[in-house]
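Shown next, in structure tokens, is the structure this report addresses.
Chain identifiers are assigned alphabetically (A, B, ...) following the order of the sequence lines, protein sequences preceding nucleic acid strands; residue numbering begins at 1 within each chain.
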Amino acid sequence: MEAYEKGVNMSIGYACLVVGVPNTSIKRLKKDNISEDKLKEVILFNLHSLENIIDYNIKNNIKLFRISSDIIPFGSSPINNLKWWDIFEKELSNIGKKIRDNSIRVSMHPGQYSVLNSLKKEVVDNTIKDLEYHARFLESLKVDESNKIILHVGGVYNDKQEAKERFINNYNKLSFDIKKRLVIENDDRSFNIKDVLEISNITGAPVIYDNLHNFLNKSTDVFNDYEWIMKCSKTWKENDGKQKIHYSQQEENKKNGSHSKTIYTPKFLDFMTSLYNVDIDIMLEVKDKNLSATKCINILNSSGKIETLEKEWARYKYSVLEKSSSNYHKIRQLLKDKDKYPVKKFYLLIEEALDKKTRKGSAINAIEHVYGYFKKVILEKEKQQYMLKLSKFKKDILSLDSFKKYLNKLAIKYNVKYLIESYYFSI
DNA sequence: TGACGTCAAGATCCG
DNA sequence: CGGATCTTGACGTCA
């Protein structure tokens, strides 16, 4: 634990979406369904969601967050010629103020289709437009240049050296508003961390080290995570803010590069220990998003309180019960001693439970626990609906997901806060 | 030419 | 008719 105690200012965050928090979804539009009104409507909707996400992050002490590129639909396309930064100035500055006032650091990450070193001029032009859009969005929040835009180098086109040079040439043509935010990241098949450091050496762009990409696409120079992170640290200058890395784990039995469902804490702690007390920000790339961010923050907190775990337990308990009543009881037992903070054991038991296959009996057990919350308040009609669904579920003609969706609807209708905040309906 | 990755919109199916 | 489930889109590179 001692190893990373000094990194107490370190921020851990997650990307784009929030799991299990109402009113935080980001909407998209299809090209053939676009009108000015529709665009405005969706932008406003998304900004409301973003504000709710920021509020959630503030409340949960999450200081690092990647904003989805979909926040402004077709933000870099001529299809959308709205001056959204003017139209929604009030909303944007309001969100920006919350971000700044709470020392949250945000970032954006254009997708794999933005390729600055492409052989096609049109692709490069579109990429620059996309970078302009991302820079403008961050600018509209009035957040400083430590709030970064992350980009991969692009394609190799049979000649890596030329591809690097094309990247550098095109980088040099970018406006200062983009350059001041642009950081580059190693990818999982073309440009390894050594390549990216070389490019950084010439362009001056800071480098994001991605551990999983490095694992899958190693440089011929053999260094460990810590050593690469140290090399990358030199590329971060004062105005760039704290050095940032991406951390993810491979989902077992899935294609290389698939992010894991959750961050497994023993592995994460090994990684952290191997970094000694290096002071960096860590962006997690993981399916359960904010859940893993909270978990990792809690597990590194050497002065944590039992209340934190109790709060987490309230949100996880029915998901655990659904998988393993044995772990459910073990955790209850674990949380009895109010003077301790058994955070490692706690999350280990949760991870172990959630990895188990759901058996029908335990699923029903969890369902009945959840049903207990509105058993007394719901209408007779709903009671009958519930009974019918339960018997259908038992006969395998209703899926667990559908059943849970119905329960979620009831939870929202009767505003059962304990259940609405639970992860039971989202993992 | 299709896989790659992502996730919600949109389309279609089902009871 | 509402809800569940399947398909598509939007993008560029590479096998």
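- Contact annotation: the side chain of A:R136 approaches that of A:W85 to within less than 4.5 Å [non-hydrogen atoms, C-beta and beyond].
- Residue A:K120 has a polar side-chain atom (N or O) positioned under 4.0 Å from OP1 or OP2 of C:dT13.
- As rounded to whole Å, 8 Å separates atom C1' of C:dA10 from atom CZ of A:R28.
- Within a 6.0 Å radius of NZ in A:K360, other residues, nucleotides and ligands contribute more than 12 heavy atoms.
- In this structure, A:G155 reaches the sugar-phosphate backbone alone: every heavy-atom distance under 4.0 Å involves primed, P, OP1 or OP2 atoms, never a base.
- There is no side-chain donor-acceptor pair under 3.5 Å between A:T265 and A:K344.
- Using a 4.0 Å heavy-atom cutoff across all strands shown, A:S118 reaches sugar-phosphate atoms only and no base atom.
- Note on A:K254: nothing from the nucleic acid sits closer than 4.0 angstrom, heavy atoms only.
- Within 4.0 Å (heavy atoms only), A:L17 reaches sugar-phosphate atoms of the nucleic acid but no base atom.
- Each of A:N117 and A:K389 was matched to the nucleotide of DNA chain C holding its nearest heavy atom; the match closer to the 5' end belongs to A:K389.
- For an aromatic pair to be called close, the ring centres must be under 6.0 Å apart, and A:Y386 with A:Y406 fails this.
- Distance from the side chain of A:Y113 is smallest for C:dC11 among the nucleotides C:dT13, B:dA9, C:dC11.
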